[in-house]
Amino acid sequence: MENPRYVFYLAVVPVYRDACVRVLLKQHGDQVRFYAGEAHLDKTVKTGLAPDLVERVRNVGILQNRVLIQFGHLREAMRSEVCVIDLNPRSVTAWGLAVARKILRRRTLAWGHLHPRAGASSRSAPVRIFLRRITDGTVLYGYDSVVPARTELPGKPVWVAPNSLYSTVDITAAENNERRRIMYVGRLEEAKNVQILVEAFALSGLSADGYTLDIVGFGSLEPELIKQTKHFAVDGSVNIHGRIDSVTELSILYAEAAFSVSPGYLGLTLTQSLGFGVPMLYAEDAPHSPEIELKRFGGMRSFTPTSAEGLAAAMRSFVAELDEEPVNSQHLARSVSTYYSAEAMATGLWLALQGERSELGADGWPTSTEVEHVE
């Protein structure tokens, strides 16, 4: 195959990008190619798509695994009409492609989070701004990031490829009045604060009312969580499912969920939960990803302090609140389907590749689609 017109040269393409990549390749596969390594600097973050969707390059961590350098298919990246790189200052390869292609006057786009998790005031934020400055535009994960992006670099083009999981056909809310699951979906690591989950559920006393805690994911804390279920005598009410990628299997669990919970920072699990019409209980003071902007659709309640006792109290009160006034599950699913589908993400990427103007309003949100916002 001759050199592709559009190249995505990325550190990794995780499994949750599957739907978006398939949509983009189905529509424009003769022009688009994805290249990525097997694993990121954080080895738990891996490419999860088949080689026929994402061709592999070699990732190497240097400087005590703080910096990434990549090898392979660089010729295709350099020769492409447009190359999309990670908005990640820790990637030597991203910098190299940005600088070399600028010298050659070839269009390069940076794709990723506008700011690091520590926020706009972090030490690395100015470095991200400089990487954006030397590229020809930025593709962001969230709509609320558009205004600060425009403020930082006035006149620099900005597009949004909303950080999405599923195609519109899979974003649906089940009709079910018997909801007794409390869901956690995500990595089982300290950074996600999952170590307080089981204790909080035990302290809440909700198991006596027939509720279960369902934990979906994998990570180093799984053995500890299993021990906690026995220590707090809730092993009969806590289900640790392991990793589940199947949207069908997940939809069955969410169809029986009263709400989902995030004891640490929020990310794609929020998009997933609201997309299935399930409200979310989340830690107020965590450094959330851009997906936190979905709270404008409703169905979310924060809790503080971020402790087992604080979460237990919030679980009890949220159950009472939802019993008294259930959320509009169909509204939540419809909102996510409109703004956060794989199709919306693929469209944002294609507009960026084409250099077409995005229909984004002054607040950064699309002007061509109307979905009622619930503050």
Side-chain angles (χ1 to χ4, degrees), residues 1-101 104 106-113 131 135 139 141 161 163-167 187 189 217-219 243-247 267-268 342 345-346 348-350 352-353:
M1 181 178 179
E2 60 186 44
N3 202 84
R5 185 178 181 186
Y6 305 118
V7 163
F8 289 79
Y9 201 97
L10 308 169
V12 292
V13 182
V15 67
Y16 51 75
R17 292 276 177 266
D18 183 79
C20 171
V21 170
R22 288 183 183 276
V23 169
L24 194 61
L25 293 180
K26 181 178 181 180
Q27 295 174 345
H28 312 288
D30 57 333
Q31 303 179 70
V32 178
R33 195 85 59 83
F34 282 83
Y35 299 107
E38 201 65 56
H40 213 310
L41 295 173
D42 177 353
K43 300 303 181 184
T44 66
V45 181
K46 300 180 178 181
T47 291
L49 278 66
D52 62 322
L53 299 177
V54 178
E55 295 188 45
R56 301 302 195 264
V57 299
R58 187 162 67 95
N59 286 1
V60 178
I62 60 175
L63 300 180
Q64 296 182 327
N65 209 42
R66 291 196 297 266
V67 175
L68 175 69
I69 187 168
Q70 298 176 272
F71 301 94
H73 296 291
L74 288 167
R75 178 179 296 180
E76 290 90 332
M78 282 299 302
R79 288 181 175 178
S80 61
E81 181 179 320
V82 183
C83 182
V84 181
I85 60 173
D86 289 306
L87 179 52
N88 180 4
R90 297 173 67 187
S91 172
V92 171
T93 304
W95 283 104
L97 286 170
V99 171
R101 289 177 58 86
L104 295 173
R106 291 175 181 166
R107 194 161 169 263
T108 307
L109 303 174
W111 181 23
H113 295 291
L131 180 55
T135 58
V139 185
Y141 282 129
N163 207 9
S164 306
L165 281 169
Y166 305 130
S167 294
R187 291 184 298 127
E189 302 292 347
F218 66 99
R243 178 171 183 165
I244 301 176
D245 292 323
S246 166
V247 63
L268 277 168
M345 191 176 199
L349 291 173
W350 184 248
L353 291 172

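- Between Leu53 atom CG and Phe34 atom CZ the span is 9.0 Å, to the nearest 0.5 Å.
- Between Cys83 and Ala77, the shortest heavy-atom distance links the atoms CB-O, 3.8 Å.
- For Lys43, the NZ atom is densely surrounded, since the number of other residues' heavy atoms within 6.0 Å is greater than 12.
- A donor-acceptor distance shorter than 3.5 angstrom exists from the side chain of Arg106 to the backbone of Met78, with no hydrogens or angles considered.
- Residues Tyr9 and Gly72 share a closest heavy-atom pair of OH-O, 2.6 Å.
- The shortest side-chain heavy-atom distance between His28 and Tyr6 does not fall under the 4.5 Å cut-off.
- Contact of the Lys46 side chain with the Val12 side chain is not registered, since no non-hydrogen atoms from C-beta on lie closer than 4.5 Å.
- Looking only at side-chain heavy atoms (C-beta outward), Arg17 and Leu10 stay at 4.5 Å or farther from each other.
- The list of salt bridge (Lys or Arg N to Asp or Glu O under 4.0 Å) pairs with a residue in residues 65-88, not counting sequence neighbours, reads Arg5-Glu81.
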Legend entry - Candidate pair Leu109 and Arg107, rule side chain to side chain contact (heavy atoms under 4.5 Å, CB included), full reasoning: CA-CA 7 Å; Leu109 303 174; Arg107 194 161 169 263; 3.9 Å; yes
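- Between Thr108 and Leu97 there is no side-chain heavy-atom pair separated by less than 4.5 Å.
- Distance check: Asn163 CG to Met345 CE gives 5.0 Å after rounding to the nearest 0.5 Å.
- Looking at Asp42 and Arg187, their side chains come closer than 4.5 Å, going by heavy atoms from C-beta outward.
- Across Val139 and Ala161, no two heavy atoms sit closer than the pair CG1-CB, 3.7 Å.
- When atom types are taken as modelled, the side chain of Asn59 and the backbone of Ala39 share a donor-acceptor pair closer than 3.5 angstrom.
- With a 4.5 Å cut-off on side-chain heavy atoms, Thr93 and Leu74 count as touching.
- Between atom OG1 of residue Thr44 and atom CZ of residue Phe218 there is a gap of 6.5 Å, rounded to the nearest 0.5 Å.
- Looking only at distances, a side-chain donor or acceptor of Ser80 sits under 3.5 Å from a matching main-chain atom of Val82.
- Of the inter-residue distances, the one linking Gln31 atom CD with Leu24 atom CG reads 10.0 Å to the nearest 0.5 angstrom.
- Within the 3.5 Å criterion, the main-chain N or O of Val54 finds a donor-acceptor partner in the side chain of Arg56.
- Contact between Ser167 and Val23 at its shortest, heavy atoms only, is OG-CG2, 4.2 Å.
- Side-chain atoms of Phe8 and Leu349, non-hydrogen and from C-beta on, do get closer than 4.5 Å to each other.
- Considering only heavy atoms from C-beta on, Arg90 stays 4.5 Å or farther from Leu68 through its side chain.
- Judged by distance alone, with hydrogens and angles left aside, the side-chain atoms of Thr47 form a donor-acceptor pair with the main-chain N or O of Gly37 at under 3.5 Å.
- Across all their heavy atoms, Leu49 and Pro14 have their closest contact at CD1-O, 3.1 Å.
- Gly61 and Leu41 make their closest contact through CA-CD2, 3.7 Å (heavy atoms, listed as atom of the first residue, atom of the second, distance).
- Here the SG atom belonging to Cys20 is positioned 10.5 Å from the CG atom belonging to Leu165, to the nearest 0.5 angstrom.
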